[in-house]
2 protein chains.
Amino acid sequence: MNHPHGDEDETRRIWHDLRELVLGQDMRRAVADALGLSFNRAKALTYIDADGPMPLRALAARMFIDAPYATVIVDDLVKRGLAERTANPADRRSKLVHATAEGRRIAARAMHIQDTPPPGLAAATPEELAVLRRVADRLLKEVQGRDEGAADADGAPAHSRQPV
Amino acid sequence: MNHPHGDEDETRRIWHDLRELVLGQDMRRAVADALGLSFNRAKALTYIDADGPMPLRALAARMFIDAPYATVIVDDLVKRGLAERTANPADRRSKLVHATAEGRRIAARAMHIQDTPPPGLAAATPEELAVLRRVADRLLKEVQGRDEGAADADGAPAHSRQPV
DNA sequence: ACGGGTAGTTGTGGGGTTATAACTGTTGTG
DNA sequence: CACAACAGTTATAACCCCACAACTACCCGT
């Protein structure tokens with residue numbers, strides 16, 4: 001099956017605890033308070049900054065939101081001078097969103113706050129960290145592989161892209 | 001210092017990836033859609049179910065919300081027949097919230113959805129799982145130790161409690 | 001018993017999130 | 001070229017989240 005090694009319940013408990021660790025930090029509030037942006041705005045900004053210029057539909061897919069809400073969020077970021085819309089040469093229907101210099105600065109602050117681990121993580125042994133690194137990489141690869149058909153990150157229409 | 005082993009940047013990257021894994025799942029919507037409850041209502045219900053009867057202030061502290069909002073959430077759960085308020089014999093100002101039979105059923109469904117790990121986790125080796133278990137335990141213990149003064153989980157006023 | 005502090009409730013209000021529908025402009029296809 | 005499909009925008013409306021103020025009831029130390 002899918003679990004050659006593992007005991008189903010144990011993996012569920014571990015995932016439960018990892019979720020509790022990540023969600024038990026009230027990072028939404030921490031980021032929002034520090035930056036004066038709602039958590040979703042900050043998240044959108046970090047995605048735009050990290051993944052480079054992208055059409056709105058890619059941002060929407062990445063954030064699990066619909067097109068009108070993506071427009072609202074980007075409008076707000078633009079109004080604050082943190083993002084800009086530019087024409088997409090590959091498809092004139094769409095627009096590429098990219099972060100301004102100020103937006104990149106804010107995004108960096110957001111990531112600095114969010115990515116600060118609980119202090120105990122720094123006390124983990126190199127072997128433990130290596131395991132975390134390996135497992136996280138594997139799962140992330142799997143997850144992004146799973147939805148890559150749904151969310152196009154580049155700005156070109158589907159037809160002009162080559163299959164791998 | 002606090003990092004006898006580790007390399008600061010690497011622990012940040014790992015934490016970043018763990019966050020991305022947990023948050024990249026859109027569990028809020030999955031739970032809300034499946035149960036017909038907003039994510040926060042479902043979260044409150046699972047806390048009430050998991051931690052047993054607790055005063056509202058404990059629930060509020062656990063969820064990082066204020067007292068009025070806790071009242072709103074519990075009102076809603078009570079109206080749906082998922083929770084009940086009972087007198088707290090130890091302190092007649094406060095009330096203990098506990099889940100009804102139906103509430104426990106819904107809470108179990110919520111946890112079943114939320115705690116379902118990405119399929120790749122089941123493919124981890126027993127050694128990897130053991131490391132995850134150990135690190136998660138350590139960090140969770142640290143985190144809950146950090147705010148234990150702020151959130152009283154039991155129903156007794158502070159004065160009647162024994163120091164450890 | 002008085003007075004300060006705490007638990008919970010009620011009300012008000014503002015901002016954030018999200019679905020739906022209607023519309024414009026653009027693209028690819030037959 | 002006609003037509004369906006798509007990217008994005010606008011508007012509307014419904015909820016949800018959450019802060020603040022004011023209030024009742026109760027606990028505790030003095």
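Every chain is numbered from 1 and lettered A, B, ... according to where its sequence line falls, protein lines coming before strand lines.
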Please report, to 0.1 Å, the donor-acceptor pairs under 3.5 Å made by any side chain of residues 109-122 of chain A, with sequence neighbours excluded.
from: A:Arg109; atom 1: NH2; to: A:Ala34; atom 2: O; distance (Å): 3.1
from: A:Asp115; atom 1: OD1; to: B:His16; atom 2: ND1; distance (Å): 3.1
from: A:Asp115; atom 1: OD2; to: B:His16; atom 2: ND1; distance (Å): 2.9
from: A:Thr116; atom 1: OG1; to: A:His112; atom 2: O; distance (Å): 2.6
from: A:Thr116; atom 1: OG1; to: B:Arg12; atom 2: NH1; distance (Å): 3.3
from: A:Thr116; atom 1: OG1; to: B:Arg12; atom 2: NH2; distance (Å): 3.1

Would you please confirm or rule out a distance under 4.0 Å between OP1 or OP2 of [N] and any side-chain N or O of [X]?
| X | N | answer |
| --- | --- | --- |
| A:Lys95 | D:dT9 | yes |
| B:Arg57 | C:dG5 | no |
| B:Arg85 | C:dT9 | yes |
| A:Arg92 | C:dT26 | yes |
| A:Ser94 | D:dA7 | no |
| A:Arg41 | C:dT17 | yes |

| Counting side-chain heavy atoms from CB outward, which of C:dA19, C:dG11, D:dA7 is closest to A:Asp66? |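 Closest nucleotide among those given: C:dA19.
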For residues [X] and [Y], determine if any side-chain heavy atom of one lies less than 4.5 Å from a side-chain heavy atom of the other.
| X | Y | result |
| --- | --- | --- |
| A:Leu129 | A:Leu132 | yes |
| B:Leu96 | B:Arg85 | no |
| B:Asp7 | B:Thr11 | no |

Between [atom2] on [N] and [atom1] on [X], what's the gap in Å once rounded to a whole number?
| X | N | atom1 | atom2 | result |
| --- | --- | --- | --- | --- |
| A:Ile73 | D:dT9 | CD1 | C1' | 15 Å |
| A:Asn40 | C:dG15 | CG | P | 17 Å |
| A:Asn88 | C:dT27 | CG | C1' | 12 Å |

| query | A:Val74 or A:Arg29: which one's nearest nucleotide on DNA chain D is closer to the 5' end? | reply |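 Nearest nucleotide further toward 5': that of A:Val74.
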| task | Scan B:Ser38 against the nucleic acid and name what it touches under 4.0 Å (heavy atoms): base, sugar-phosphate only, or nothing. | result |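 Counting heavy atoms under 4.0 Å across all strands, the contact made by B:Ser38 is with sugar-phosphate only.
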| query | Does any donor-acceptor pair link the side chain of B:Arg93 with the base of C:dT6 at a separation under 3.5 Å? | reply |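 In this structure, the two groups form a donor-acceptor pair.
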